[in-house]
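Written below as C-alpha cells is the structure these notes are about.
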Amino acid sequence: MIGILLIRIGITSTMHVPLSPPPPRPLAQMLLHAALIAWGVSLLLPAFTLEGERWPDWGLDVMLDGLVLGWMVNGWAVYANMFFAVGAVRVRAGKPAGYVIGAMLLLAATLPFLKGSYANFSSGTVWPVVSWGWGAFLWLVSLVLLAAAALAKEERLARRGAVRFGIAILLACVAALALHGYQWWHANEPDRQALLSNGMVFTVSELCPSALAWPAPLDGAAGDAVVLDIDPLLRSSSGVKLHLPAEFTDEQGDGSAWRVHRMEGTSSTVMVREKAQAGSLVLQFKAEGKDAVMRLLKGAPQRVLYEQRLHEVASGKGEVGFCPLLGRNRFSQRDDYDKALMRAMALDPPIQAGTPLPRAEEAREPCDFGTADIDRIKGLRNWDGREVMIWHASHNKVSGFCSASYMVLVYHGAPPHEPALWQSMYVYDRKTLKPLGVFSRGDSCPDTVCGPGVAVTVQAIELDGTKAVIQTTLGSYSATMSDRF
C-alpha cells in the first residue's frame, strides 16, 4: 500500500510540473550562431550607396534610420530585423518559429521595392540606391541561416540539407564576386570609383564604357572666348541632358562667343557675351545615333584640339544623360570632366580667394545689374554696358555700385522676415569683369542696420585691400574679405 501511495504521489506531482520545450538540436544551434554572427557583422559593413552621395550608408545606420522612416520610402525590408530578433529567441528556446520566420522572409522580399533614402528630409528629397554593398548581402545571408536553423530545430533539415544550404551560400558569394568583377571590367575608372568601390558588390546603374579623355594644354594664349555649337538633334532630344560645363546652358549656343571668368572654389561663374570672331574657339556637340561626341575646335580651317566620346546612360533616378558628363555623385567624374574641359579650353586660371584688392577706391556710382533677360537667354543681363551672366545675381535681388576699377554687387534679403542686406557682397574688376573677392560683414553690422525687418539702403562702399566699409542710410559697418568665394 505504501508503495502504491508513493507511486500515485509521484504521478500526481509529475502532472503538475510543466514540461519545458526541448533545447535546440546541435545543428540548429550551430546555424543559429552563424546567423547571429552574420547579422552582427552586416551592421558593421556598407549596405548601399545613394545617388548624390560619395560614401556608402553603413548597415547599422540603415537599420536605425529605417526603423523610423523606412515605411515612407517602401523600406519594409528593414522591419524584417524585428522578426529576426523574435525568431532567434524562439529558436534558441526551442519554440515554434514558423510564422515569425515566414513574416521575416516576406518583408525581406520587398527589398527591390525600396525607393531609396532621404537625402534631405525637410525638402522630401529621396535619393535612389545606385549600388549594393557587402553589408546588405551578408544581412540576407543571416536571414537565410536563421530560416535554416528554424527548420533544423523542427527536424525538417538534416546535416545533408545544411551542407546544401552552405554550398548555396558559397555559390551566392562566388556569383556576387563574379558580378562585381564583370561590372568592374566593363566600367570606366570614374564609374569604378563612384559605383563599385567602398565595399560595394554591384551597381544597378547603367555603366559608362567611355573613358574620360585628358587633353593636352591648349596652344596659344589662355582666356579665349568660346562659341557653343550644339547639334539640333541633341537640343530636341526630350529628357536627354548634356550637362554642359562652366554653367553653360543650351540657350547660349546662339553663335555668340562667351568669355568665362572663375574664382577658386566657386560655382558662381561670370560669363560675358561677345561677338564671335573668325577662328574662335568652338565647343561642339554632335549627335552620333543615340550617342554623341564633344569636340573643341579652333582656327580656320578648324582643327580638333580635344575630343570626348559620349555614351547615353540613365541615372538611378531615371534621368537620361551622356557619360562621362553625367555626374554619378557629388564627387565623381563630373568634377574630373569639368577639370578636363577647363584644361582643354585654357580658360583664365581661377583667381585665388582672399587675394587683396590692388588699390583702394570708393564705389559710389550706381550701376545696377539688369532685371530683364536678353534674347530670352535666362540670366543674361545688361551690366555696365555689357551682356553678362552671373547665376546668383540673376536669381536674387541685387544692387550694384561702381568705381574706376571695381564693380560691387550687394545682395538683398526679403524684409520683414529677413535682413535687408545679406552677409556677403561680391567685387569684380570693372574692365574685365573677373571676380576679385567676396566680403563678409560677419557680426560687425548691428541689428539696427542689418537686423530683420530693417529698411536700409546702401549708399557707397569703401574698398581697401581686404577691408571694406559699407555706408548706408542708417550708418556704416565694416566687412572683411573671405578666403572662400
Side-chain angles (χ1 to χ4, degrees), residues 20-48 56-68 70-71 74-114 129 131-180 199-202:
S20 60
R25 300 169 62 205
L27 177 60
Q29 195 169 29
M30 180 186 69
L31 291 171
L32 174 61
H33 291 164
L36 292 173
I37 292 172
W39 183 82
V41 174
S42 73
L43 301 182
L44 306 177
L45 294 176
F48 52 64
D57 288 0
W58 294 78
L60 181 59
D61 295 331
V62 170
M63 186 184 71
L64 295 178
D65 293 341
L67 290 174
V68 179
W71 60 275
N74 281 347
W76 306 107
V78 71
Y79 301 109
N81 288 289
M82 296 187 297
F83 290 91
F84 178 92
V86 175
V89 171
R90 294 188 70 84
V91 170
R92 178 69 181 85
K95 297 179 180 179
Y99 290 111
V100 175
I101 298 298
M104 176 192 74
L105 296 177
L106 183 63
L107 286 169
T110 66
L111 192 60
F113 302 105
L114 175 66
V129 175
S131 300
W132 291 94
W134 286 107
F137 180 86
L138 194 58
W139 178 75
L140 291 173
V141 169
S142 71
L143 303 189
V144 173
L145 288 171
L146 182 62
L151 291 174
K153 185 267 301 180
E154 297 174 0
E155 299 186 1
R156 296 168 60 187
L157 181 70
R159 286 190 176 274
R160 182 175 296 180
V163 170
R164 291 172 181 170
F165 256 101
I167 293 175
I169 291 173
L170 180 61
L171 290 176
C173 293
V174 172
L177 289 170
L179 178 58
H180 179 85
M200 295 298 104
V201 181
F202 69 96

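The first residue of the sequence shown is numbered 1, and numbering continues consecutively from there. Since the model is a prediction, treat every value here as computed from it, not as a measurement.
Between atom CG of residue Leu27 and atom CG of residue Leu31 there is a gap of 4.5 Å, rounded to the nearest 0.5 Å. In this structure, CG on Asn74 lies 11.5 Å from CG on Leu111, to the nearest 0.5 angstrom. Here CH2 of Trp58 is found 12.0 Å from CG of Leu43. Values are rounded to the nearest 0.5 Å.
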Problem set entry | CA sep, side-chain torsions, deciding dist, call: Trp132, Val201, side chain to side chain contact (heavy atoms under 4.5 Å, CB included) | CA-CA 6 Å; Trp132 291 94; Val201 181; 5.5 Å; no
For this session: Show your reasoning for whether side chain to side chain contact (heavy atoms under 4.5 Å, CB included) applies to Ile167 and Arg164.
Result: CA-CA 5 Å; Ile167 293 175; Arg164 291 172 181 170; 5.5 Å; no
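Shown here for Glu154 and Gly98, the closest heavy-atom pair between the two residues is OE2-N, 4.2 Å. Counting all heavy atoms, side chain and backbone alike, Ala109 lies closest to Pro112 at O-CD, 3.2 Å. Between Phe48 and Val62, the shortest heavy-atom contact is CZ-CG2, 3.7 Å. Lys153 and Ala28 get closest at one heavy-atom pair: N-CB, 3.6 Å. Shown here for Ala108 and Ala80, the closest heavy-atom pair between the two residues is N-CB, 4.1 Å. Considering all non-hydrogen atoms of both residues, Gly75 and Leu114 come closest at CA-CD1, 3.6 Å.
With sequence neighbours excluded, the residues forming a side chain to side chain contact (heavy atoms under 4.5 Å, CB included) with Val86 are Arg90, Val100, listed by chain and number.
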Which atom pairs, one a donor and one an acceptor, fall under 3.5 Å between side chains of residues 137-151 and the rest of the protein, sequence neighbours left out?
residue, atom, partner, partner atom, Å
Trp139, NE1, Asn81, OD1, 2.9
Ser142, OG, Trp139, O, 2.5

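Residues Met63 and Trp39 are in side-chain contact: their nearest non-hydrogen atoms beyond the backbone lie under 4.5 Å apart.
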